[in-house]
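Let me begin by presenting the structure, written as structure tokens, before commenting on it.
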Amino acid sequence: MGETYQAALGAAHDKAADAKLLAIRSSSYSSEDAPSQWMYLFYSLDRAYAYTVFVSNGQATVADSGPMSISPQDFDAIPDTSAIRIDADDAWNTIVESMDGDDEICTARIFLMTYIKGDEDPTHDAMKWFFSLNESDNLASLFGNGQNKPDNTPALLFAVDCGSASVEELDARELATE
């Protein structure tokens, strides 16, 4: 929750002073040659409106995402970002340390949600970093120019709790069904 978040928060608060963070996502897949650019989704209860903020090279650009409805109770339950004690870099390092075997990581998509609309428990799976590694579409675009992708690049999905840094490997096939 460093400088890029502060830039995004400032831009969101320029639109709506009560804006709260709903989600963070890498705006494209990351690879060794293409680091993540970050996209933030904020919501204003006062305006019943969502805002997307892109941060690139320290500059925040805010765009209207459109009307959205979150109940006042759910809005109040959205945790403050101070509850995110594990940042994306630390979560990544925790995943890499937990991995067994010789699997190669070629691409990663990263996201975090503070609120999950429609869940009976809006905190379920919230406040976790999710890392989707080696998605087939990402590998196809990375190795689409005739390069052969390494054989040991399975699709992997991990969740890292933002408070405890506990790592959970999930079934990557769940991504295809969502």
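Worth saying up front: this structure is predicted, and the values here are computed from it rather than measured. Nothing fancy with the numbering, it's 1 onward along the sequence.
Between W38 and S26 there is a side-chain heavy-atom pair separated by less than 4.5 Å. Side-chain contact check for I70 versus L22: some heavy-atom pair is nearer than 4.5 Å. The closest side-chain heavy-atom distance from Y43 to K20 is not below 4.5 Å.
The distance from atom OG1 of T4 to atom CD1 of I24, rounded to the nearest 0.5 Å, is 7.5 Å.
Checked for salt-bridge contact, K15 and D64 meet the test: a charged N lies under 4.0 Å from a carboxylate O.
The aromatic rings of W92 and F131 sit tilted relative to each other, their planes meeting at an angle between 30° and 60°.
Side-chain atoms of D18 come within 3.5 Å of backbone atoms of L45 as a donor-acceptor pair (strictly under, hydrogens ignored). A donor-acceptor pair under 3.5 Å links the side-chain atoms of D87 to the main chain of D89, judged by distance alone. Within the 3.5 Å criterion, the main-chain N or O of P79 finds no donor-acceptor partner in the side chain of T114.
In summary, the side chains of S44 and D46 do not present any donor paired with an acceptor at a separation below 3.5 Å, with no hydrogens or angles considered.
Two rings, from F130 and F111, have their centers less than 6.0 Å apart.
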Let's go through V62 and D14 carefully: what are the C-alpha distance in whole Å and the side-chain angles of both, what is the deciding distance for side chain to side chain contact (heavy atoms under 4.5 Å, CB included) to 0.1 Å, and is it a yes or a no?
CA-CA 9 Å; V62 65; D14 286 346; over 6 Å; no
The test is side chain to side chain contact (heavy atoms under 4.5 Å, CB included); show your working for I84 and M127 and say whether it passes.
CA-CA 7 Å; I84 302 171; M127 302 304 283; 3.2 Å; yes
Given side chain to side chain contact (heavy atoms under 4.5 Å, CB included), test T94 with F158 step by step and report yes or no.
CA-CA 10 Å; T94 303; F158 291 93; over 6 Å; no
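Contact between L170 and A159 at its shortest, heavy atoms only, is CD1-CB, 4.0 Å.
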